[in-house]
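See below for the structure under consideration.
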Amino acid sequence: MKYSHARFHVPGALRRALAGATTLVLAASAVVAQSGAATAAPGTPGVPQAPAVVFAEDFENGQGATPILVTGYTGAAPANQTYTADPAWLTACNGWIASQRNPATEPANGGCGGWWASVKQLAGTLGQWAGGDPATNHAVTAYTNANPGSGKTQLEAVRPVGIGAPNRFLTFSVDAAEVNCHGNHAKLGFYLLDGSTAVPTFTTPIEPCAHPSTTINGIGVGTYTSNSPVLFGGSTVGLRLVNFQASGYGNDAAFDNVRILDVTPRLDVGYGPASVEVGAHSTLTFTVTNTSELAVKKGWSFKEKLPSGLTVAATAPVTDCADATVTAPAGGGQIGVTGTLAAGKASCTVKVAVTSARAGTYTTCADDLTAHAGIIPPGCAEVRFVPPVLVFDAHAHGGRVTTSLLGVPPLAPSDITCTRTAGTDDATLASAALAGLGTLGVITTTASGVVDAAGLRTATATATTARLSLLGGLVTADEITSTAKAHGDDSGDVSTTGRVELTNLKVNGVAIVDPDAGLTIDVPLVAKVVINERVATAGGNGVAVNAIHIRTVAGAEIVVSHARAALTVPGKPCPTA
């Protein structure tokens with residue numbers, strides 16, 4: 001039954017929630033299938049984007065000046081969608097696709113009781129609201145002239161709509177207008193159809209009279225989005241619009257631009273810091289970003305396989321997602337997350353600390369999701385674990401003498417002393433006398449610290465001494481060289497090597513060729529001579545090499561061609577021997 005329009009309060013609206021979404025519609029009344037690709041371009045974490053429109057119906061296909069019932073309408077190709085409705089919504093001035101272009105006289109058996117002009121005005125108001133031509137816009141109208149009964153279907157698609165991929169969050173939006181709000185209000189609810197199962201996308205029906213975005217010519221109008229999206233398991237879906245208002249007193253509304261929206265949140269991944277030392281932690285952040293209508297998204301989930309070599313650290317995960325469960329066992333390579341985006345929440349995050357025992361660059365992409373539901377897969381992110389910044393320590397000299405009365409300090413020393421900075425030092429000495437113990441010829445030494453392209457560090461020391469004659473000719477050589485090296489690997493472990501090269505070495509007249517480490521020769525009543533002496537330093541992270549080490553019975557100590565190299569952890573004492 002119809003009465004004059006009543007004045008009512010107009011609160012703020014939801015229209016901006018779909019700003020930009022309609023630009024995704026390929027054609028009026030067309031089904032727009034969304035790609036089911038397994039990857040997605042990186043998004044802007046935390047910044048909601050407009051929902052994707054996977055189906056849109058504007059009731060304009062093939063329309064002219066003659067009104068038709070919604071059951072006689074066929075949507076645009078390629079979908080060619082058709083619709084059904086309960087009989088109560090096809091009689092008593094209900095179910096007409098109307099326009100201001102329609103004749104002034106209501107259609108035969110229209111049942112509008114003189115309210116046909118108001119029916120057409122509803123369609124024109126919806127056209128003006130949508131930014132179109134109010135004179136030509138078509139909409140599905142209901143100017144109920146009899147009690148329809150509660151929970152009856154006003155619109156149902158005959159064929160399912162393809163949505164491209166399963167496990168997406170889906171909901172609806174609709175433009176709706178209503179008059180006679182002093183009477184009973186229309187209460188619209190959208191259902192997704194999974195076969196014969198109807199799944200509601202709302203907790204509260206849409207009520208245009210109670211929540212208009214604005215009024216146009218006294219008619220409340222707005223764009224409304226169902227407030228409870230469904231995590232839909234199939235790749236095709238049906239749609240049904242139900243009106244829960246049973247009365248014909250009031251309940252005078254029209255709708256247009258029915259859309260199925262994909263409101264699936266987007267997953268982004270990122271590491272911070274993006275570069276970290278081996279053994280330290282980087283935080284892998286999963287950001288789940290809502291779509292711009294900010295409706296609740298309950299029950300999304302994903303499982304992430306970390307790149308080989310990357311593991312979950314012992315630090316407990318942190319999340320601000322609602323109803324979240326994070327499964328990330330320390331030392332493992334799998335992360336599982338389930339959760340909810342609360343209504344009004346733009347985004348939430350899950351933070352998991354990860355580590356690596358070896359240097360390398362590790363990349364996480366969409367393909368690393370072993371399972372997911374209710375999220376759009378991420379783009380790629382990478383983290384680099386670099387070798388630890390070990391401290392260089394390298395020393396070399398050609399000879400040194402220590403006695404109880406005097407000493408000869410290191411000859412031609414080269415030193416890289418306990419520094420993180422790579423570099424080289426070298427020295428040369430033409431000859432030297434060792435205070436009655438012998439003579440040395442040309443001495444050359446080098447100490448260096450080097451970082452290679454992979455960030456690995458090597459400390460090296462080398463000492464070469466030529467034409468030596470010691471202890472009155474008991475120890476002679478044309479040339480001797482000692483080398484010490486400490487090398488760090490991609491896990492931060494340090495390996496050491498030492499080497500001695502001898503040219504024509506003789507001790508007490510005996511030629512020494514390729515001696516084992518620590519070869520000791522006793523020259524009776526004169527000295528003990530150690531050839532190719534090795535001493536571990538820096539807790540095993542360094543080595544000292546003496547080509548010749550002589551201890552005389554008189555208490556003199558002579559070292560010829562000494563090299564020492566080490567790599568130590570910053571903050572620990574540097575080697576002193």
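All residue numbers in this chain count up from 1 along the given sequence. Below, all heavy atoms of this structure are taken into account, side chains as well, without hydrogens, waters or symmetry copies.
- Aromatic ring centres of Y271 and Y362: separated by at least 6.0 Å.
- Between E557 and H549, the side chains place a donor N or O and an acceptor N or O closer than 3.5 Å (distance only, hydrogens not considered).
- Defined by atom type and a distance below 3.5 Å, a donor-acceptor pair is present between the side-chain atoms of T201 and S226.
- We find the CD-OG1 distance between Q49 and T291 to be 10.0 Å, quoted to the nearest 0.5 Å.
- Of the inter-residue distances, the one linking L434 atom CG with S469 atom OG reads 10.0 Å to the nearest 0.5 angstrom.
- Taking the side chain as every heavy atom from C-beta outward, I550 and K528 never approach each other to under 4.5 Å.
- A distance-only check finds no donor-acceptor pair linking the side chain of T283 to the backbone of T285 [under 3.5 Å].
- At a threshold of 4.5 Å between non-hydrogen side-chain atoms, the residues L471 and T552 count as touching.
- No hydrogens or angles considered: a donor-acceptor pair under 3.5 Å links the side chains of T458 and H487.
- Within the 4.5 Å cutoff, no side-chain heavy atoms of V383 are placed close to those of T361.
- E382 has no carboxylate O lying under 4.0 Å from a charged side-chain N of R384, or vice versa, which leaves the two without a salt bridge.
- A donor-acceptor pair under 3.5 Å is absent between the side-chain atoms of N532 and the main chain of N546, judged by distance alone.
- The pair D368-K305 does not count as a salt bridge, with every side-chain nitrogen at least 4.0 angstrom from each carboxylate oxygen.
- The closest side-chain donor-acceptor pair between S561 and T465 falls under 3.5 angstrom.
- The backbone N or O of A454 sits less than 3.5 Å from a side-chain atom of D452, completing a donor-acceptor pair.
- Between T287 and D268, the side chains place no donor N or O within less than 3.5 Å of an acceptor N or O (distance only, hydrogens not considered).
- Donor-acceptor pairing under 3.5 Å is lacking for the side chains of T424 and S448.
- Paired with T464 under the rule side chain to side chain donor-acceptor pair (under 3.5 Å), one option of T483, T503, T481, T428 passes, and it is T481.
- If you check the side chains of N290 and K345, you find no donor sitting under 3.5 Å from an acceptor.
- For the 3.5 Å distance criterion, the side chains of R259 and S173 qualify, holding a donor opposite an acceptor.
- With hydrogens and angles left out, the side-chain atoms of T327 and K303 include no donor and acceptor closer than 3.5 Å.
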